[in-house]
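Here's the structure we're looking at; comments come further down.
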Amino acid sequence: MAGLAASFGSGAMTNSIPEFETDSNCFLIIGSNTSEGHPLIATRVLKAKKRGAKIIVLDPRKNQIGHWADIFYSFRPGSDVAIFNALMNVIISEGLQDAAFIAERTEDFEALKALVAEYTPEKVAEISGIPADGIREIARTYARGKPAAILYAMGITQHTTGVDNVKSTSNLAMLCGNMGIPGGGVNPLRGQNNVQGACDMGGLPNVYPGYQAVTSDEVREKFAKAWSLDSGPRTVDGGTVRGLSSTVGMTVTEMLHATQEGKIRALYIMGENPMVSDPDLNHVRHCLEQTEFLVVQDIFLTETAQMAHVVLPGASFAEKDGTFTNTERRVQRVRQAIKPVGDAREDWVIICELAKKMGASGFDFQSAKAIMEEINKLTPSYGGITFERLEELGSLQWPCPAVDHPGTPYLHKGKFTRGLGKFFPLEFKEPAELPNDEYPFTLTTGRLMFHFHTGSMTRRSKKLDSEVPEAYVEINVKDAGRIGLNGNKRVRVTSRRGQIELGVRVTDDIKRGIVFIPFHFAEAAANVLTNSAIDPVAKIPEYKVCAVKVEVV
Ligand SMILES: Nc1nc2c(c(=O)[nH]1)N[C@H]1C(S)=C(S)[C@@H](COP(=O)(O)OP(=O)(O)OC[C@H]3O[C@@H](n4cnc5c(=O)[nH]c(N)nc54)[C@H](O)[C@@H]3O)O[C@H]1N2
Ligand SMILES: Nc1nc2c(c(=O)[nH]1)N[C@H]1C(S)=C(S)[C@@H](COP(=O)(O)OP(=O)(O)OC[C@H]3O[C@@H](n4cnc5c(=O)[nH]c(N)nc54)[C@H](O)[C@@H]3O)O[C@H]1N2
Ligand SMILES: [Mo]
């Protein structure tokens, strides 16, 4: 259940991981540190390279997969939309688009064409830092590489323009007819083992399991009937809470702000450590301190749990039964290896017990299997994903509506969910915070191979911790000279929101003017510095861009 609320990222992969190895002729990897974040997927990509597939990597840093790439360019963080527009500009002006696919399966191509005409390679070279000829080379390689897969991750989504960035990936894929075919598609490489499953099961503010809208009367009636509740909007203040609410809830970032406005007085945080992972930590601390009642359900006493009024010890993956759904919509069984240690209980047991104490009915589940049986009945895309079939087949990919359905390896074959695929003409917008004289560097943040997020688990492992025991900032060789590093080992990094002291690594692999800090280290937390500005639609924070200064200490 880790990451229940951390639903960052958008949608699922359109295609399946094994297709990378067998079908893809070209990979456009943008904003994904594939070898460190998704090493098994990176292995498939490298196997495809051996049979001649081309790898293009675009990233502000020459990460490990960047070193394997046939084509690599670094660029200025946050200039992604401009880059996609320029790639499409080249493809259209050189006639490399898939005209038949565009005519049969898409709409609004003319509007896209008119907009991207403005984004010439020369203009976007200035915005992004990728040379104009490089942009042409990338565009031609992708357009001629069918089936070509776009792989992206948080480098695309964690921006105030995250949704625009994601739409840009599908614009490009549709332009070249790379949708609905094996080895193609747009493939967000999602994060935690079960973040996909958490979203599928309604761990989002606007939907019930299976992305069924809370605002739909029909949907609410269905769930109300199954749970013996009233389907109408409920009254909370003073009245008994029966029935299902039709109000769209808040996202994590909105909840924290709401504690400040007194709109939220109690928080129940489960499998998340916002005191390290949320942006602008000084603000987060302030918000959590103001919360009248804070409950944290975790497997360790994290930085967040230490602030809680009540800590509920959860059982870890090794101590429970259930399923995880991975980034390619594949549902797999997890089986109990050892009994929960100490007072720990399975998360679902804790929730059911609490619900019953609050007077709710319908929480009398005896096992994870019994919960799955309810899911089969109420969530059409999981209708045929039963424990029995998972035992027999090993895994199933949704949509899988019935027990005689084989599951779905790739989406949008022959037809998009909405009918025609829509092109979105999108103007480039600058990130919320840009460097200036006082804060001359652009900070971007992310992950390392040896640690997982807030380190609550990996930093408790001696072996993993010894690989990278300390926080550091990555800085370009020339910039190190510019700040007068002179062999010094420690620096202070300051943004408008706070400052941290940490080690430093000098490298050629990061673009000049950019610094990178892994966010795994609570004692020098990158998120003290980051900006909490969010995308207006997805509400994802701009973890990938803020302005900082770097000084020798
Ligand atoms: N070892 C390990 N693996 C993990 C995790 C972990 O913590 N540790 N976490 C998991 C989770 S939950 C997730 S979400 C995934 C995340 O996986 P990734 O998204 O691959 O990881 P990140 O390090 O956040 O960032 C990806 C890349 O984005 C680049 N980037 C920075 N700024 C920009 C920009 O403006 N535009 C673009 N296009 N790229 C930019 C960074 O340089 C980096 O190479 O990893 C999962 N896998
Ligand atoms: N600066 C910066 N910040 C970021 C990001 C970034 O790229 N840069 N990435 C963002 C992203 S994509 C993500 S996903 C988040 C991750 O942020 P978090 O989800 O806050 O980070 P984790 O360390 O994975 O925290 C998960 C918690 O769940 C606990 N846990 C593990 N298993 C279980 C279980 O079975 N039950 C329960 N109850 N608890 C369990 C762990 O001990 C841990 O404390 O960070 C975000 N923050
Ligand atoms: Mo994530």
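Just follow the structure's listing: the first ligand is 1, and inside any ligand the first atom is 1. Residue numbers start at 1 and run along the sequence shown. Since the structure is predicted, the reported quantities are computational estimates derived from the model, not experimental observations.
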Only heavy atoms of [X], strictly under 4.0 Å: list the atoms of ligand 2 that pass.
X	result
F452	24 (O)
K320	34 (C), 35 (O), 36 (N)
Q158	5 (C), 6 (C), 7 (O), 9 (N), 10 (C), 11 (C), 12 (S)
D347	34 (C), 35 (O), 36 (N), 37 (C), 38 (N)
T302	44 (O)

I want to confirm something. Looking only at heavy atoms, which of [options] is nearest to [atom]?
atom	options	value
atom 27 (C) of ligand 2	G191, G271, S277	G271
atom 34 (C) of ligand 1	G31, S32, G155	G155
atom 9 (N) of ligand 2	H453, K544, M457, R447	R447

Can you see whether [Y] has [X] sitting over its ring - NZ or CZ less than 6.0 Å from the centre and within 45° of the normal?
X	Y	value
K549	Y439	yes
K123	Y119	yes
K356	F363	no
R61	F516	yes

Salt bridge or not for [X] and [Y], using N-O below 4.0 Å?
X	Y	answer
E319	K339	no
K320	E346	no
D164	K429	yes
K49	D70	yes
K462	E467	no
R460	D465	no

Salt bridge (charged side-chain N to carboxylate O under 4.0 Å, His left out) partners of E523, counting only residues at least two apart | R459
Residue set satisfying salt bridge (charged side-chain N to carboxylate O under 4.0 Å, His left out) with R447, at least two apart, ordered chain then number -> none
Would R76 count as a contact of ligand 1 if the rule is a heavy atom under 4.0 Å away?
-> no
Does ligand 1 have an atom under 4.0 Å from some heavy atom of F450?
-> no
Side chain of N187, backbone of M13: donor and acceptor closer than 3.5 Å?
-> no
With backbone taken as N, CA, C and O and side chain as the heavy atoms from C-beta onward, which portion of [X] lies under 4.0 Å from ligand 2: side chain, backbone, both, or neither?
X	value
M154	side chain
S456	side chain
T304	neither
N527	side chain
P279	neither

For ligand 2, is there an N or O atom under 3.5 Å from any N or O atom of D278?
-> no
May I ask you to check if ligand 2 and P274 share an N or O to N or O distance below 3.5 Å?
-> no
Residue-level breakdown please: for [X] versus ligand 1, do any non-hydrogen atoms fall below 4.0 Å on the side chain, on the backbone, on both, or on neither?
X	value
F75	side chain
T444	side chain
E36	backbone
L448	backbone
P77	both

Give the numbers and elements of all ligand 1 atoms closer than 4.0 Å to a heavy atom of [X].
X	answer
G78	34 (C), 35 (O)
Q192	12 (S)
M449	1 (N)
G37	3 (N), 4 (C), 46 (C), 47 (N)
N63	44 (O)
H159	34 (C), 35 (O), 36 (N)
H451	1 (N), 2 (C), 6 (C), 7 (O), 8 (N)
H520	7 (O)

Would you say ligand 1 has an N or O under 3.5 Å from any N or O of N33?
-> yes
Do ligand 1 and D59 have nitrogen or oxygen atoms that lie under 3.5 Å from each other?
-> yes
Steps toward salt bridge (Lys or Arg N to Asp or Glu O under 4.0 Å) verdict (E433, R497) = CA-CA 12 Å; E433 192 176 78; R497 292 154 293 278; 3.0 Å; yes
CD (Q306) with more than 12 external heavy atoms under 6.0 Å | yes
Validation row, ring centre F450 to ring centre H520 under 6.0 Å = no
Can you find a non-hydrogen atom of A305 under 4.0 Å from ligand 2?
-> no
side-chain contact (heavy atoms from CB on, under 4.5 Å) with I156: which of V186, V81, I30?
-> I30
Could you check whether the rings of H283 and H257 sit parallel, tilted or perpendicular, using 30° and 60° as the cut-offs?
-> tilted
